[in-house]
Amino acid sequence: MKIFIPILLLYTLIFFSCNSESQKDLPPPNILWISTEDIDPAWGCYGDEYATTPNIDGLAADGFIFTRASSNSPICAPARSTLITGMFATSLGTQHLRSDVPLPNDLKILPEILREHGYYTSNNVKTDYNFSAEGRWDDSSNQAHWRNRKEGQPFFSVVNFMITHEGPTNNDDPESVKKDLKLRHDPAKAPIPPYFPDTPKMREIIAHAYDLISIFDQGVGELVQQLKDDGLYDNTIIFVFSDHGFGLPRHKRWLNNSGLHIPLVLHVPEKYRHLVSNLKTQQVDDLVGFVDFAPTVLGLAGIAPSSYMEGNNFLGPNAVKNQYNYGFRSRADDCHEMSRSVSDGRFLYIRHYLPQLPYIQNAIIFTQGKQAMEEIYRARNEKTLPNHMEQYFHPKMTVELYDLEEDPYELNNLAMKPEHQERIRSFQKELDQWMVKHRDSGMLNESEYMLRAKGSSVYEILRDDTQFDPEKTLEAMNLVGQIDGASTLKRMQDQDPLIRYWGLIALESAGLNSSLLLQELENILDDPSPINAIQSAKMLIQFKEDPKAYQTLGNYLQAEEETTVLHAAIALRLLEEKAKPLIPLVKDKIYPKYAGEVWGRYKSWSYPMFIGMALDQARINCGEEILVRN
């Protein structure tokens, strides 16, 4: 990656000659996180000549530019959960978008720990952690500001900008930025990745995204000026970053580097340069993930990280260099997914555990209200869509491997190349070990672990060996993508409902169909675990439109537990036209429970919205006309 370096990074000799006593007398640094949504490293300091980001570039000029920073998850809520806890969202069950997960009572997140050590903590305003943020900040509101603290009190403040979110990027008229920008980006010069159709409309969308980034940059400049006006700029360490890739297809929601790679610029005042003594150059190529941010901030504040934190401090004399960045993609909206990734910085390895589901599913989040997707559908209908994007409408390869140096757009999957098989085995071993070590909740399915966690927390049940055997479960999961009917049937008859579930998924992904397997599916309709009964019902309907399977699925659509209903509603959507016998039940009894005013149709932003979206798409699949205002 080409990085623009306007001046040489200057290290003052003052602090290298200062004695330890003078450093000890320094007050704790203030720490400011300036986060934005849904953008790649599309800033001038990253060598992007199309970008207009003078304020961020100014911070980078005498600061640090991280070239291999990762969000760990390519979508906001699980990324933010990881960021604020210092734990992989998969360790907490908070890796889905969007959810409401119970945490252990004694688990404190970053602002709570800092507050206990005298810091004033403010968050303006987004949380979106997939768990309750109530009471965890001194102030979390649209009025939150470091200026509300006691005089002289150190602060940790987060300011979240939403101007670059996929909503404004995809839905707003590009003319809407005219009042905020003197210089607009010329669509004719917009950089178009090879997986997008190069059309006037797509160029307009990209140019508008860069206009929004410029507005964000102005916001960064205003915050920096406020620090200077308050006499705090030289006492404040500033992080500027995005929560994941662009709010466009093949970026947000995708586990590719285009979805995970984030910009990160770090400003450190001269008096606190000893706290980042491991950084010797302006360009920092170390692997850094969101999971590392919380322990790193605690290190800057002189506080030991909590024992349950899973990230590493990447700054200072005790910095730890990561060998790998890990990524995860689970349910987003009403689209199931279970994919994990590991990267050593050069190669990115992705393993899909639901490869039968395409990246772009027939779902409202992809079909209504997003200009970029509309343009992709238009190009597809005209048969001018680049082949690489066309692949995302079809089942996935079980394994993907990309050389990020030779193939930065990730167009050439190396998974089938003989010369890379040893590398794939090594990455898979590393990924297996990581999933087992951190007790990856994705092995359980969301509905299952939420039922098990009643009266407790997902984190606790994941670490209860009587409830979860990660090694055995992973062994069953690794059958996905293989064609092995005997092993699959054996797993479907296991005493552990999780092993039965992954046996069903392996069967579906392999497309196996025999009288013996159909009989086993009929037996599983009465499975005490809802995920297995729902999965077998869906498969039986797909195979032979079985009446008892319709009855089973209809019963679970009326369940009390919302995650169970969501699982059933997603199964109904995936049945497409075969869902028709259940549509009257949906309209008369089920949909009214989840209807409301969110997007003009849904009861809340959490499970009811995604249940409603799945039910709406099921009705559309069966011939109804429904418009969702997202």
Side-chain angles (χ1 to χ4, degrees), residues 1-2 37-44 46-53 74 164-178 181 183-215 242 244-263 348 358-362 365-394 396-397 400 402-413:
M1 177 182 291
K2 177 184 175 185
E37 303 202 52
D38 301 13
I39 60 172
D40 288 18
W43 300 343
Y46 278 88
D48 191 327
E49 297 178 357
Y50 189 63
T52 309
T53 51
T164 56
H165 187 265
E166 68 174 329
T169 297
N170 280 281
N171 295 347
D172 284 0
D173 180 350
E175 291 299 306
S176 64
V177 301
K178 183 180 291 186
L181 286 180
L183 181 64
R184 303 272 299 283
H185 290 84
D186 182 359
K189 298 178 181 178
I192 304 297
Y195 40 79
F196 286 159
D198 190 348
T199 64
K201 182 61 178 178
M202 188 60 73
R203 287 185 168 274
E204 184 180 279
I205 292 167
I206 298 295
H208 180 55
Y210 274 81
D211 285 346
L212 297 175
I213 291 171
S214 293
I215 295 174
S242 169
H244 48 70
F246 274 131
L248 297 169
R250 185 38 163 74
H251 294 257
K252 184 175 184 175
R253 297 181 177 83
W254 264 255
L255 202 54
N256 294 76
N257 195 53
S258 54
L260 293 172
H261 190 201
I262 60 165
L348 172 67
Y359 264 119
I360 300 176
Q361 297 184 32
N362 188 22
I365 200 67
F366 292 117
T367 59
Q368 297 196 26
K370 288 186 169 59
Q371 292 185 34
M373 278 306 307
E374 290 173 359
E375 187 64 4
I376 284 170
Y377 279 115
R378 189 190 66 78
R380 191 176 190 228
N381 290 336
E382 295 179 358
K383 300 190 184 307
T384 59
L385 187 67
N387 182 61
H388 189 75
M389 183 58 69
E390 173 63 31
Q391 294 173 17
Y392 294 124
F393 289 89
H394 303 279
K396 300 184 286 290
M397 294 287 289
E400 297 179 65
Y402 298 103
D403 184 337
L404 300 178
E405 289 186 10
E406 298 295 326
D407 179 25
Y409 287 112
E410 303 163 273
L411 303 177
N412 183 23
N413 184 4

Minimum heavy-atom distance between Ile360 and Met373, given as atom pair plus value: CG2-CE, 3.9 Å
Closest non-hydrogen atom pair between Leu411 and Pro194, with its separation: CD1-CG, 3.8 Å
Side-chain donor or acceptor of Ser242 paired with backbone N/O of Pro263 under 3.5 Å: no
Listed partners of Arg378 passing salt bridge (charged side-chain N to carboxylate O under 4.0 Å, His left out), at least two apart: Glu375, Glu382
Closest heavy-atom pair and its distance - Tyr50, His185: O-CD2, 2.9 Å
Closest non-hydrogen atom pair, Gln361 against Phe366: O-CD1, 3.5 Å
Rounded distance [0.5 Å steps], CD in Glu374 versus CD in Gln368: 9.5 Å
For Glu166, all residues meeting side chain to side chain contact (heavy atoms under 4.5 Å, CB included), sequence neighbours excluded: Asp38, Asn170, Lys252, Arg253, Lys370
Gap separating the OH atom of Tyr392 from the NE2 atom of His388, nearest 0.5 angstrom: 3.0 Å
Min side-chain heavy-atom separation Thr53-Tyr46 under 4.5 Å: no
Residue pair Glu410 / Arg250, side-chain heavy-atom distance below 4.5 Å: yes
Closest contact, heavy atoms only, Ala372 versus Leu248: CB-CD2, 3.7 Å
Sub-4.5 Å side-chain heavy-atom contact between His251 and Ser258: yes
Tyr402 side chain near Asn257 side chain, heavy-atom distance below 4.5 Å: no
Short side-chain to backbone donor-acceptor contact, Asp186 and Ala188, under 3.5 Å: yes
Asp403: side chain to side chain contact (heavy atoms under 4.5 Å, CB included) partners, not counting sequence neighbours: Arg346, Phe347, Glu405, Glu406, Leu414
Test item: Tyr195 and Pro249 side chains (from C-beta on) under 4.5 Å apart, heavy atoms: no
Gap between atom CD1 of Ile215 and atom CG of Leu181 - 0.5 Å precision: 4.5 Å
Side-chain heavy-atom pair Phe196, Ile205 within 4.5 angstrom cut-off: no
Donor-acceptor under 3.5 Å (Ser214 side chain, Thr52 main chain): yes
Results of salt bridge (charged side-chain N to carboxylate O under 4.0 Å, His left out) for Lys189 - residues two or more places apart only: none
Counterpart residues, salt bridge (charged side-chain N to carboxylate O under 4.0 Å, His left out), relative to Asp198 (two or more places apart): Arg203
Qualifying residue, where the test is side chain to side chain contact (heavy atoms under 4.5 Å, CB included) with Phe246 and the options are Ile213, Ile206, Thr169, Thr164: Ile213
Contact summary for Ala51 and Gly44, nearest pair of heavy atoms: CB-N, 3.8 Å
Any pair counted as salt bridge (charged side-chain N to carboxylate O under 4.0 Å, His left out), so long as it reaches residues 205-214, sequence neighbours left out: Arg184-Asp211
Point-to-point distance, once rounded to the nearest 0.5 Å, from CD of Gln391 to NE2 of His394: 8.5 Å
